[in-house]
Amino acid sequence: MKKLINKLTILGVVIAVFSCVEAEDLATPNVAAPVLVVLEGNEFDAATGVAVAGSFYELDKSGILDRNIGIDSIPVSGLEVTVFMDQTNEIGTLTTDSQGKILFENPWSSLGLSEPSSGSQIRLEFAGTHNDIAFRKFHNVRVR
């Protein structure tokens, strides 16, 4: 019994020593997005084309510990937003208004669907830079 206790003690010490490894830095730095992006509209008729509404907010977290204040959303005006398709094809650039809003409107043909059929889908990307930090938001649109 004493040998078993000694072996378990040694095993416990070995596990404790090797499990306490100092963590290395992340391979890619984890940076919080500088803006909150809210995109609306993902299904559109084949005849109408695409109309995605976007809102861009900066989050003020100074009142996060006060339950009466909380996190405040401040619209980001004058923000340049570039819209991409397939990560590299730039299809438009928009600037947010005083309420931090944009409206991206395009016919299906300009998005590569000359004859849109029900269920066809395209992945759009809304990208920009705010406070010297880049952001990118993906958004799928499909034909109804």
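Computed over heavy atoms, backbone and side chain alike; hydrogens, waters and symmetry mates excluded.
Heavy-atom minimum distance, Y57 versus K101: OH-NZ, 3.8 Å. For the residue pair S77 and S98, the shortest heavy atom distance occurs at CB-CA, 3.7 Å. Shortest non-hydrogen contact noted between V50 and V52 is CG1-CG2, 3.7 Å. Nearest heavy-atom pair, T93 versus E80, reported as atom, atom and distance to 0.1 Å: CG2-CG, 3.5 Å. Considering all non-hydrogen atoms of both residues, L59 and S73 come closest at CD2-OG, 3.7 Å. G49 and F44 get closest at one heavy-atom pair: O-CB, 3.1 Å.
Rounding to the nearest 0.5 Å places NE2 of H130 at 8.5 Å from CZ of F135. Interatomic distance, NZ of K61 versus CD1 of I69, reported as 16.0 Å (0.5 Å rounding). Here the CD atom belonging to E40 is positioned 10.5 Å from the CG atom belonging to N42, to the nearest 0.5 angstrom. Taking OG1 of T82 as the reference point, atom CD of E125 lies at 11.5 Å (rounded to 0.5 Å). In this structure, the separation between CG on L124 and NZ on K137 is 13.0 Å, given to the nearest 0.5 Å. A distance of 12.5 Å separates CD1 of I71 from CG of D66, quoted to the nearest 0.5 Å.
R142 pairs by the salt bridge (Lys or Arg N to Asp or Glu O under 4.0 Å) definition with E43, not counting sequence neighbours.
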Worked check of side-chain contact (heavy atoms from CB on, under 4.5 Å) between L79 and I102: CA-CA 10 Å; L79 178 67; I102 61 166; over 6 Å; no
R136 vs F84, side-chain contact (heavy atoms from CB on, under 4.5 Å): CA-CA, chis, key distance, verdict: CA-CA 10 Å; R136 188 172 287 253; F84 292 93; 3.9 Å; yes
Could you go step by step and tell me if I91 and F104 meet the side-chain contact (heavy atoms from CB on, under 4.5 Å) rule? CA-CA 10 Å; I91 53 175; F104 173 75; 3.7 Å; yes
Decide side-chain contact (heavy atoms from CB on, under 4.5 Å) for H139 and V37; before the verdict, give the C-alpha distance in whole Å, the side-chain angles of both, and the deciding distance to 0.1 Å. CA-CA 11 Å; H139 187 70; V37 181; over 6 Å; no
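Placement of L36 and V76 in two distinct hydrophobic clusters is found when ILVMFWY residues are connected by side-chain heavy-atom separations under 4.5 Å, directly or transitively.
Side-chain atoms of D97 come within 3.5 Å of backbone atoms of Q99 as a donor-acceptor pair (strictly under, hydrogens ignored).
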Under 3.5 Å donor-acceptor pairs involving side-chain atoms of residues 105-117, not counting sequence neighbours:
| unit_1 | atom_1 | unit_2 | atom_2 | d |
| --- | --- | --- | --- | --- |
| W108 | NE1 | D45 | O | 3.0 |
| S110 | OG | P107 | O | 2.9 |
| S117 | OG | S120 | OG | 3.2 |

